[in-house]
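Right, one structure below, let's go through it.
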Protein chains: 2
Amino acid sequence: MINREEYRRRVILTAGQIFSRYGFRKTTMDEIAKALKMGKSSIYYYFESKEEIFEAVVLYEANILRNELTTAIKSVESPIEKMRKYVFVRMRSFEKLSNYYNAIFDKNLDHFDFIETIREKYDREELAILRLILYHGSRMNVFSIDNSEYTALAIQTTLKGLEVPLFWKKRELNIDKRLNAILDVLFKGILKK
Amino acid sequence: MINREEYRRRVILTAGQIFSRYGFRKTTMDEIAKALKMGKSSIYYYFESKEEIFEAVVLYEANILRNELTTAIKSVESPIEKMRKYVFVRMRSFEKLSNYYNAIFDKNLDHFDFIETIREKYDREELAILRLILYHGSRMNVFSIDNSEYTALAIQTTLKGLEVPLFWKKRELNIDKRLNAILDVLFKGILKK
DNA sequence: AAAAACTTCGAATGAACCGGTCGATAATTC
DNA sequence: GAATTATCGACCGGTTCATTCGAAGTTTTT
């Protein structure tokens, strides 16, 4: 029982790559096993089921995302840049994750209520981050905001709105353009005159 | 029997998109049908089998590639640029096609000997194009080549060598860098002193 | 306007596939 | 050398998938 966690990690990493490419349904245990140079049955020594692997992968990816986001906003000083970075990193990551979502909304989404849990948690965290950025901007006299709570919610809602085309129609491009437009609107309505 | 060809075309286009994303095996007739807003059985009115669709798609893509290549070399005058463009377009397209190849080399490649036929044909064509570029460069006194036949073959061999990592290891990156390096070597050995 | 030909599709089918199990067997630890 | 940890091949039963078929709808021909 020396390396159990290390092995789980390896499975998560490899499976993650395949899931992100083909989605949950189209990824087979045989493929994961082959990529790991393992017998298929051996994987079951470390994980209960395909779904458990998927769960672990999503959890793992969610953590990556969280880290990317926090380092992103730390990497710049100006509130405008913080907001801009946050939004872009968030959407880029989401694009990467959209395959997983596609995978889930194939059918049997019944089993995957854990996704809802993660989602709720991250929604709350996102809200906190947004409020922080807004608050920071307010303090630095760059933003003028009445109610940071509701402003944060408004921004979050917009971002969620952008997710939709991202995983309904695959190749809806120019997310960047649209993001920039939204940010422009946001800032021009928010910046001190 | 008014629109048979048009319908076949539509199937080829749609199926092509899905094949290129998921490969032959992971693409189902249901998906193709759904994307076409057609009953699955209806597709069989236009095509004999999934394999026939695949064959048509590959043929179609091969033609696109041929066109891209010829317009690419026409778009510039200097032999050096012709060669450079040709090589880059060729590799970029091949990258796009690598999914199909992956699809085939899953298993039962037995059935797909038509791929070999296409391949051979395009190898010949490629050789002709390369020779043309070389010849043109020679005439313009930019290249100095002893035997354009064998030089063309040498270049083709190199390009084929680059294909290998392209569909064995998915994310072998920096093809561009490697291409540039190869081109540098090629030119410095080929350019008149 | 009936017959013939063309087109679409739901339902059925049989074969392949796939997630998961089980027991045998290495490999490692005690 | 027994106990445990770890790997795997072979198998199972349910599901999926490509393909078929016939019936029904539509257009063209006579």
Side-chain angles (χ1 to χ4, degrees), chain A residues 1-19 21-58 100 102-112 114, chain B residues 1-19 21-58 100 102-112 114:
Chain A
M1 206 214 278
I2 245 181
N3 261 355
R4 189 172 192 83
E5 278 315 308
E6 173 55 25
Y7 269 79
R8 279 180 63 100
R9 201 183 121 81
R10 229 192 296 188
V11 172
I12 290 172
L13 251 52
T14 314
Q17 286 185 12
I18 310 183
F19 279 140
R21 186 167 171 73
Y22 295 118
F24 180 75
R25 288 251 306 181
K26 282 182 193 286
T27 298
T28 71
M29 292 298 282
D30 277 307
E31 281 174 311
I32 299 176
K34 207 156 143 194
L36 284 162
K37 295 182 208 307
M38 250 186 186
K40 176 172 56 162
S41 341
S42 307
I43 298 179
Y44 286 91
Y45 187 68
Y46 299 100
F47 287 90
E48 285 285 318
S49 64
K50 190 184 176 187
E51 296 197 3
E52 198 202 319
I53 299 179
F54 186 69
E55 191 169 323
V57 167
V58 173
Y100 296 95
N102 257 305
I104 297 161
F105 291 125
D106 253 1
K107 290 186 180 173
N108 51 349
L109 60 162
D110 329 326
H111 302 288
F112 291 108
F114 82 96
Chain B
M1 204 214 278
I2 246 183
N3 260 356
R4 190 172 191 82
E5 277 316 306
E6 173 56 25
Y7 269 80
R8 279 180 64 99
R9 202 182 120 81
R10 228 189 299 184
V11 173
I12 291 172
L13 251 53
T14 313
Q17 286 185 12
I18 310 182
F19 278 140
R21 188 167 168 71
Y22 294 118
F24 179 75
R25 210 116 177 295
K26 284 179 191 287
T27 299
T28 71
M29 293 299 281
D30 276 307
E31 281 172 311
I32 299 175
K34 206 157 146 194
L36 283 163
K37 295 182 209 305
M38 250 186 186
K40 179 170 50 164
S41 343
S42 307
I43 298 179
Y44 285 90
Y45 188 68
Y46 298 101
F47 288 89
E48 283 285 318
S49 65
K50 191 184 174 187
E51 295 198 4
E52 197 202 320
I53 300 178
F54 185 69
E55 191 170 323
V57 167
V58 173
Y100 295 95
N102 257 302
I104 297 162
F105 292 124
D106 252 2
K107 289 186 181 173
N108 49 350
L109 60 161
D110 327 328
H111 302 289
F112 291 109
F114 81 96

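Keep in mind the model is a prediction, meaning the values are calculated, not measured. Each chain gets a letter, A, B and so on, in the order its sequence line appears, and its residues count up from 1.
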Next on the checklist: To the closest 0.5 Å, what do you measure between OH (B:Tyr46) and CD (B:Glu52)?
Outcome noted: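 Reported value, rounded in 0.5 Å steps: 13.5 Å.
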Checklist entry - Hey, what's the ring geometry for B:Phe19 with B:Phe54, parallel, tilted or perpendicular (30° and 60° as the breaks)? => result perpendicular
Quick one: does [X] reach the base of [N] with a side-chain donor-acceptor pair under 3.5 Å?
| X | N | answer |
| --- | --- | --- |
| A:Lys40 | C:dG19 | yes |
| B:Lys50 | D:dT19 | no |
| B:Ser41 | C:dG10 | yes |

Item to check | side-chain contact (heavy atoms from CB on, under 4.5 Å) assessment of A:Ile53 paired with A:Met29 | outcome: CA-CA 10 Å; A:Ile53 299 179; A:Met29 292 298 282; 3.9 Å; yes
Starting at [atom1] of [X] and ending at [atom2] of [N], how long is that distance when rounded to a whole Å?
| X | N | atom1 | atom2 | answer |
| --- | --- | --- | --- | --- |
| A:Lys34 | D:dC8 | NZ | P | 15 Å |
| B:Lys26 | C:dA16 | NZ | C1' | 15 Å |
| B:Ile53 | D:dC17 | CD1 | P | 15 Å |
| A:Glu6 | D:dT5 | CD | C1' | 17 Å |
| A:Phe47 | D:dA6 | CZ | P | 14 Å |
| B:Glu31 | D:dA18 | CD | C1' | 13 Å |
| A:Tyr46 | D:dC8 | OH | C1' | 12 Å |
| A:Arg4 | D:dT4 | CZ | P | 16 Å |

Next on the checklist: Let me spell it out: for each of A:Glu48 and B:Gly39, pick the nucleotide of DNA chain C with the closest heavy atom. Which residue's pick is nearer the 5' end?
Outcome noted: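 Here B:Gly39 is the residue nearer the 5' end.
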Item to check | Sugar-phosphate, base or nothing in reach of A:Ser42, heavy atoms under 4.0 Å | outcome: base
Next on the checklist: Counting only side-chain heavy atoms from C-beta out, which of D:dC21, C:dC18, C:dT21 sits nearest to B:Arg25?
Outcome noted: C:dC18
Checklist entry - Nearest of C:dT21, C:dG20, D:dT5 to any side-chain atom of A:Tyr45? => result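 So the side chain of A:Tyr45 is nearest to D:dT5.
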Next on the checklist: Closer than 4.0 angstrom, basic N to acidic O: yes or no for B:Glu31 and B:Lys26?
Outcome noted: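 Between B:Lys26 and B:Glu31 there is no salt bridge, as every charged N stays at least 4.0 Å from the carboxylate O atoms.
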Item to check | Other residues, nucleotides, ligands: >12 heavy atoms within 6.0 Å of A:Glu6 CD | outcome: yes
Next on the checklist: Looking at D:dC8, I'd like to know if its phosphate oxygens (OP1 or OP2) sit under 4.0 Å from a side-chain N or O belonging to A:Tyr44.
Outcome noted: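 No, A:Tyr44 has no side-chain N/O under 4.0 Å of OP1/OP2 on D:dC8.
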